[in-house]
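Just the heavy atoms: all of them, side chains too, but no hydrogens, waters or symmetry mates, feed the values below. Proteins get letters first, then strands, A, B, ... in listed order; numbering begins at 1 in each.
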Amino acid sequence: MNRLAMTSCLALAAMGMATAASADGEFAGITIEAKLIGGQQYEALYARIPEWEKATGATVKIISQKNHFELDKEFKSDIAAGTTDWCVGSNHSSFAAQYPSLYTDLTPLVPAGEVAEYVPANISAATLDGKLVMLPRAQFDVSALYYQKSLYTDPAKAEAFKAKYGYDLAVPETWDQVRDQAEFFSNPPNFYGTQYAGKDEAIVGRFYEMVVADGGKLFNDDFSPAFNSDAGKQALQWFVDLYKAGAVPPGTTNYLWDDLGNGFASGTIGLNLDWPGWAGFFNDASASKAAGNVGVAPAPKGSAGLRTGWSGFHGFSVTEDCANKAAAASLALFLTSEDSQILESSTGPLPTRTKVWEHVAEAAKSDPYRSEVLAAFQETAKTAFAVPATPYWIEATNLIYPELQAAILGDKSVDDALATASDAVDNLMRENGVY
Amino acid sequence: MSRLKLPPWLVLLLPAIIILMAVVLVPLVLSFYSSFTAYQLTRPDSLTKWIGTFNYRKAAGDANFWWAFGRTVLLLTIALNLEMLLGLGLAVMVSKVTTGQRLLRTAMMFPMMFSPVLVGFQFKFIFNDNVGLVNNALQSLGLTDVAIPWLVDGHLAMFSIIFAEIWTSTSVFAILILAGLYAIPQDPVEAAKVDGCTPWQSFRFVTLPFLMPFIYIAMAIRSLDVARAYDIVQIMTNGGPARRTELLWTLIGRTAYVDARMGYANAMGYIAILLSIFFTIYFFRKLTAARSELGMGV
């Protein structure tokens, strides 16, 4: 039996168990309105919803399906208009803190034994001001380093590298090595050593994890900005150096996740820090020129000896105004149940339940690439950290990223850019009475 | 008890007044009121938190806001003038065509039929530095061996946005000017020929003055459009990088819907409206002057 068939059988068996867990017809006649994240990689899970409907007698009506940035705007408009009586919403650890009044505490709605089945770090990040605001789904995100294996098998390259940099060419373990190798591999405009997300929350997230890896902090405990520091300057200088050296595509400051994923799949990028969801795509010969040549290593370490590990995860929340919270929580639990997570993680995404991690590792044993991917992400996940739990995270990133871009593009010095960004974030926090 | 009797004219106008109040006046008053509050979308109770002119003072003192204001004026000036010149040329050429003119007129309107969102994605791809059509064409033709950062370089990014705006909206000018060309009385044009005017002289001194009211109407319509430019810029560059292409409405849109600061965004919006009011008054004055020059009255 091949791996896919085996996974499907396990998933089906688990589905049966989960459906049995819900009392038959428990929520008969109830309609649950849901606003869910859309996109090919997220939707396989929604095909399971009829199972839950059949078991509980309830009906699920999906009234909105968009990416998280669009959902975020919609949620904010709903809060403003007072139209928050729909029940289940997709949520994300990076966005959750912005909606303090929108979602209900799931603690009284979900048995403690069930909550204990999730990875404790995820439950901790899903708990804001003592409220469990979402149940994590099998979309745990932390980035590891994808690379083209052929770059490390050419003796001439290895010799030239050692002559220039004084150490052996090997898959990088530190971000300084990434910088050296990216500069060495680059041959613009046909090939670039690396790339990075260059705008919006994405570049701030990358900067954040680099600051931490260099021994600094983005915010102090009172949420005052702490990134205008030696570690912050060192972190930003890394981005600036690569851009100046032409080791990243010149358009990288306009790139977001899809641009980066497609860039690495085009075979024109050597090293790429990216999310686990891309693993299958990168090694799929029908979609990626890098297929068969992809290696994955844990995220490299910064100057403080710490790995980068900005992480986040998707989840499902129940609104405070939902008329049938118990039914909505049951749906959220079903969508994040063990069987649902086995189904979702069978195509690459990382689970958020302890047992499913074990299952995925077992299932990957016969597939060397999948094992390599899992090992790299598991190692990185050990030291992963979420975004600071402030409702002003997204707004702060909107103040920081133009300044990071200004330094990268040479419009400002690193010192100027960080000082300006720090002042702007400080004003934001003060204006909102954070301190 | 006597029943309140409204005058007949008011009764007849009442439906229109109620609709106008509901769809125009109420949102306008509410947004204006909220510009004096700390209103945040995610905190509905903040709608009653009166902070006076704080938002206006904050916008007035924000260099990023004024840079965005300046860039919007620059975009407006360049895009409007180029669209007018290209639209005029296009209309004059199409008016000379005797066979297939209807087909050409229809083809000319194609860009207007595309959603601005689609146009944004189309030009984002065309100007992509790595896989974009323009760079690939230039590299294949041997004209350059570097990846030109069309959407990143300070000047090129603005050029790319202006190019997309012009591509999608030149036909607005062309169609209106073409209508003007059809409306021109032939007597003065023929009289100019009889008097020995060159083609350029008869165009410059006879045709163009007749076209000016049409041009100013097109300018007024497009100035309102461009001053509100959002979709194309949002998709092509999102106002970046490093605020190099930040326009008023990308800044206001982000403040309102991403940062959720609706009060502050409304204050910026009301300042931004001054720009639209200025250009509308300017072009309507020009239109009136052009009409009176032709003896068409005011």
Side-chain angles (χ1 to χ4, degrees), chain A residues 69-70 72-82 98-102 188-190 192 195 198-201 203 243 246 249-256 259 262-263 266 268-269 391-392 394-399 401-412 417 424 427-428 431-432, chain B residues 34 38-47 51 54-55 58 62-64 67 124-125 127-132 135-136 138-139 144-154 156-157 160 235-246 251 253-264:
Chain A
F69 290 96
E70 294 305 314
D72 174 59
K73 290 178 193 166
E74 188 170 316
F75 293 160
K76 285 168 180 167
S77 300
D78 282 347
I79 294 169
Q98 293 182 102
Y99 326 119
S101 61
L102 179 60
N190 301 315
Y192 295 94
Q195 57 181 354
K199 64 179 180 181
D200 300 346
E201 187 217 10
I203 188 176
Y243 195 84
T252 203
T253 48
N254 261 349
Y255 289 3
L256 276 180
D259 306 294
N262 289 321
S266 74
T268 59
I269 304 292
Y392 305 106
I394 295 290
E395 200 172 345
T397 64
N398 281 336
L399 294 170
Y401 87 78
E403 301 303 328
L404 301 182
Q405 289 178 326
I408 291 167
L409 296 172
D411 291 357
K412 286 184 178 179
N427 283 336
L428 167 76
E431 208 177 281
N432 286 285
Chain B
S34 76
Y39 183 37
Q40 287 186 40
L41 285 180
T42 48
R43 289 178 166 72
D45 54 322
S46 57
L47 184 57
I51 52 171
F54 176 82
N55 287 331
K58 187 176 169 186
D62 182 359
N64 293 326
W67 273 109
K124 186 181 178 184
F125 170 66
F127 287 116
N128 181 290
D129 58 295
N130 196 12
V131 294
N135 271 0
N136 273 308
L138 292 176
Q139 285 162 11
T144 180
D145 59 355
V146 296
I148 301 169
W150 292 98
L151 298 174
V152 171
D153 180 271
L156 292 178
S160 307
I235 286 160
M236 286 177 71
T237 62
N238 192 17
R243 300 196 179 95
R244 286 172 171 183
T245 57
E246 185 86 292
L251 176 65
R254 192 178 312 113
T255 307
Y257 291 104
V258 181
D259 296 346
R261 299 190 167 272
M262 194 51 97
Y264 183 43

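Residue Thr253(A) is tested with Leu151(B), Thr237(B), Val152(B) for a side-chain contact (heavy atoms from CB on, under 4.5 Å); the sole match is Val152(B).
Of the two parts of Asn190(A), neither the backbone nor the side chain holds a non-hydrogen atom closer than 4.5 Å to a non-hydrogen atom of chain B. Only the side chain of Tyr392(A) comes within less than 4.5 Å of a heavy atom in chain B; its backbone stays farther off. Residue contact with chain A, scored on non-hydrogen atoms closer than 4.5 Å, involves the side chain of Gln40(B) exclusively. Residue contact with chain B, scored on non-hydrogen atoms closer than 4.5 Å, involves the side chain of Asn432(A) exclusively. Using a 4.5 Å cut-off between heavy atoms, Lys73(A) touches chain B through backbone and side chain atoms alike. For Ser101(A), the part sitting under 4.5 Å from any heavy atom of chain B is the side chain, from C-beta outward, and nothing else. With a threshold of 4.5 angstrom between heavy atoms, Thr397(A) does not approach chain B through any atom at all. Residue Asn64(B) does not touch chain A at all, counting heavy-atom pairs closer than 4.5 Å. Neither the backbone nor the side chain of Phe75(A) comes within less than 4.5 Å of any heavy atom in chain B.
Listed for the Asn398(A) side chain is no donor-acceptor partner under 3.5 Å among the backbone atoms of Asp259(B).
For the options Tyr192(A), Tyr99(A), Tyr401(A), heavy-atom pairs under 4.5 Å to chain B are most numerous at Tyr401(A).
Side-chain contact between Pro391(A) and Arg43(B) is present, with at least one heavy-atom pair separated by less than 4.5 Å. With a 4.5 Å cut-off on side-chain heavy atoms, Gln139(B) and Pro189(A) count as touching.
Here the closest heavy-atom approach between residue Ala242(B) and residue Leu409(A) is recorded as CB-CD1, 4.2 Å.
Considering only residues two or more places apart in sequence or on other chains, Asp72(A) meets the salt bridge (Lys or Arg N to Asp or Glu O under 4.0 Å) condition with Lys76(A). Not a single ring-ring contact (aromatic ring centres under 6.0 Å, His included) links Tyr39(B) to another residue, sequence neighbours left out.
A salt bridge links Arg261(B) with Glu431(A); the closest basic N to acidic carboxylate O contact falls under 4.0 Å.
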